[in-house]
Amino acid sequence: MSQSPPPGLPVLRIRGVNHHFGEGETKSHVLFDNHLEVMPGELVIMSGPSGSGKTTLLTLIGGLRKLQDGQIEVWHPDVGDYIKLLGLPEEQLVEVRKLIGFIFQRHNLFDSLTALQNVRMAQRLKSKSSDPDAEALELLTYLLLGDRDLNGQTQKPRVLYKPAALSGGQRQRVAVARALINRPKLVLADEPTAALDANTGLAVVALLRSLARVRPDAELDALVRAGEETSDAPRLGEWQIPLLKKITQETGTTSLIVTHDARIMNLADRIVNMERGRIQSNVVVAERLFVREGLRQSPVFAAILPEEQQKIADQMLVGVHPDQTVREMQPGRVEVFEPGSVIVRQGEAVDEHSKFYLIRRGTVEVLREQEGHTEKLDAMGPGRYFGEVALLMNQPRNATVRAVDRVEVYTVDRETFDRFRDVSRPFIDRILVNFQR
């Protein structure tokens, strides 16, 4: 059976999920019509204020709470199909839970067992390792509970300590190791770095990222800095990198993390924000950076504050990486043009429906007709923009832009364009002089 869903399909699909607590007069709705897809190998962070429904949604996904309304589908690698959680009997929910690695805010360790034994207890449920003790010890050592500290110096190992003799952060590291020892294909984590210092928090996120997919050496090396540096920025020890690579030889893990930890936001593939029981935004980090960089190239948006650029970018996003093709029914201001299609036509009047375009995928050619002759002015690919001159000068389009191959373009409507044109007016006025020469 396939370990992963067919290409382009998610490992987790959430559709129209609502939830309430209590009945009658005490009935309280906490989740409202939530939709989300998580792709294989993604590390997704779910953020939002306390009480926004993040933990409730996480427990529904994990089968720890009965789904009331809507549907949640989890890919089952052994079955080769999705398991639908609505109405699923308890015994089958137990089987779903076995697919998932849970990291709870409360560590839920066995008080009578050592750190190593707690990890081995989970390992016995599934692992077929030829040397399970060594595998568990490697994971705990990487998480700085073994015989080496961050700088590689000898320290007293904590692997044989029971939870009562460990600090809160150390117990959390044991809980992380226990959740990941069987290399689950789906990890659900509730504030996994809240009790951790910056270095071990980075170690946990680096571990989840490397379990998702193979990371280039340059990316891993960037997490290591010389030991004598005194900066407070988190880092990994140089000795942790080879161990990390050994631990993560098997990849494909998908992680959904509920957190308020701003230190790890940029390490995610995607950030989902919840407010008042609803998913309000669903942003691919790489896509946000791509769009922001494209906006910064335009004189209309270059002069506005970065946070305003980010707001515009988040309105435009479709929730998938810019390297991936847009599928139908994905939200966001993205338009698709087939080869040969005209996106804007020379001579078209500018009105309230006119747009600014940023190329997401594909190539366009810019053509201008003069005295019966068509001249090719330019060919543009991802990250380039067009359509701003006509909007700036409020004049008809001065060229035709045609799709060479299948083209996806982000769009900004006239209202948004004009609002930020006014903000950037002094900067733009200088540019208009060049256009009018």
Side-chain angles (χ1 to χ4, degrees), residues 11-12 36 38 41-50 52-64 97 99-110 115 118-119 121-123 136 138-145 150 158 163 166-213 215 223 234-236 240 244 247-248 251-274 285:
V11 72
L12 171 65
L36 180 65
V38 181
E42 276 195 304
L43 192 155
V44 178
I45 283 179
M46 188 177 293
S47 65
S50 297
S52 58
K54 304 183 302 296
T55 298
T56 300
L57 184 57
L58 205 69
T59 55
L60 289 171
I61 296 168
L64 301 174
R97 292 170 199 148
L99 301 173
I100 300 170
F102 293 96
I103 305 174
F104 302 99
Q105 277 184 283
R106 296 178 180 176
H107 317 110
N108 297 323
L109 301 177
F110 290 98
N118 265 282
V119 177
M121 178 66 74
Q123 198 176 23
E138 284 175 348
L139 196 47
L140 290 167
T141 298
Y142 168 78
L143 293 170
L144 302 177
L145 291 171
L150 185 68
R158 269 55 172 198
L166 298 173
S167 68
Q170 290 167 343
R171 290 196 293 271
Q172 182 71 345
R173 283 179 260 169
V174 177
V176 169
R178 179 187 59 187
L180 302 181
I181 189 63
N182 292 325
R183 309 299 189 269
K185 292 304 178 183
L186 178 61
V187 173
L188 302 179
D190 194 358
E191 299 287 1
T193 61
L196 303 179
D197 62 80
N199 292 326
T200 49
L202 176 62
V204 168
V205 178
L207 176 58
L208 290 172
R209 283 171 60 84
S210 294
L211 282 170
R213 56 186 180 272
R215 301 289 170 175
L223 302 178
R235 67 185 179 93
L236 295 185
Q240 286 176 289
L244 175 61
I247 291 169
T248 58
T251 59
T253 295
T254 301
S255 299
L256 181 59
I257 302 173
V258 167
T259 186
H260 293 94
D261 191 346
R263 300 172 301 180
I264 66 174
M265 290 293 180
N266 285 337
L267 296 175
D269 295 308
R270 191 144 51 99
I271 299 174
V272 174
N273 184 259
M274 287 196 73
V285 174

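Rounding to the nearest 0.5 Å gives a distance of 9.5 Å between CE of M274 and CG of L36. For the atom pair CZ of R97 and CG of L188, the computed distance is 12.0 Å after rounding to the nearest 0.5 Å. Interatomic distance, L139 CG to R183 CZ, rounded to the nearest 0.5 Å: 6.0 Å. Separation of atoms CD1 (I45) and OG1 (T259) is listed at 6.0 Å; rounding is to 0.5 Å. Atom CG of D261 and atom CD of E191 lie 7.5 Å apart (nearest 0.5 Å). The distance from the OG1 atom of T55 to the CE atom of M46 is 9.5 Å, given to the nearest 0.5 Å.
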Query raised in the report: What's the verdict on side-chain contact (heavy atoms from CB on, under 4.5 Å) for Q240 and T141, showing C-alpha distance, side-chain angles and the deciding distance?
Result: CA-CA 9 Å; Q240 286 176 289; T141 298; over 6 Å; no

Query raised in the report: Please walk me through it: do L64 and F102 pass side-chain contact (heavy atoms from CB on, under 4.5 Å)?
Result: CA-CA 10 Å; L64 301 174; F102 293 96; 3.7 Å; yes

Query raised in the report: Please walk me through it: do V38 and R270 pass side-chain contact (heavy atoms from CB on, under 4.5 Å)?
Result: CA-CA 9 Å; V38 181; R270 191 144 51 99; 4.3 Å; yes

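No side-chain heavy atom of I103 sits under 4.5 Å from any side-chain heavy atom of R178. Contact check for L12 versus L256: side-chain heavy atoms found under the 4.5 Å cut-off. Residues P163 and L109 form a side-chain contact, since some pair of their non-hydrogen atoms from C-beta on lies under 4.5 Å apart. Contact annotation: the side chain of D269 never approaches that of V44 to less than 4.5 Å [non-hydrogen atoms, C-beta and beyond]. Within the 4.5 Å cutoff, the side chain of L99 has no heavy atoms near those of the L186 side chain.
The shortest heavy-atom contact between L166 and A115 is CD1-CB, 4.4 Å. Closest approach of I271 and S47 over heavy atoms only: CG2-OG, 3.9 Å. Annotation for A122 and N182: closest pair O-ND2, 3.0 Å, computed over non-hydrogen atoms. Between A198 and P234, the shortest heavy-atom contact is O-CB, 3.4 Å. Nearest approach of V119 to A136, heavy atoms of both residues: CG1-CB, 3.8 Å. Nearest approach of Y142 to A203, heavy atoms of both residues: OH-O, 2.7 Å.
Between the R171 side chain and the H107 main chain, no donor and acceptor come within less than 3.5 Å of each other. Put simply, the side chain of K54 gets close to the backbone of G48: a donor and an acceptor are under 3.5 Å apart. Side-chain N or O atoms of D197 include one that pairs as donor or acceptor with a backbone N or O of N199 at under 3.5 Å. The main-chain N or O of L196 is never found under 3.5 Å from a side-chain atom of T193 such that the two would form a donor-acceptor pair. The backbone N or O of G41 lies less than 3.5 Å from a partner atom in the side chain of R213, making a donor-acceptor pair. In this structure, K185 contributes its side chain and T251 its backbone to a donor-acceptor pair below 3.5 Å. S255 places no side-chain N or O within donor-acceptor distance of the main-chain N or O of V187, the cut-off being under 3.5 Å. Side chain of Q172 to backbone of P192: a donor-acceptor contact under 3.5 angstrom is found.
The salt bridge (charged side-chain N to carboxylate O under 4.0 Å, His left out) test applied to D190 returns no partner, not counting sequence neighbours.
Each of Q170, R158, R173, E138 was scored for a side-chain contact (heavy atoms from CB on, under 4.5 Å) with L143, with one residue passing: R173.
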Identify every side-chain donor-acceptor pair in residues 204-211 under 3.5 Å, counting partners at least two apart or on other chains, and give the distances.
residue, atom, partner, partner atom, Å
R209, NH1, L267, O, 2.3
R209, NH2, E219, OE2, 2.7
S210, OG, A206, O, 3.1

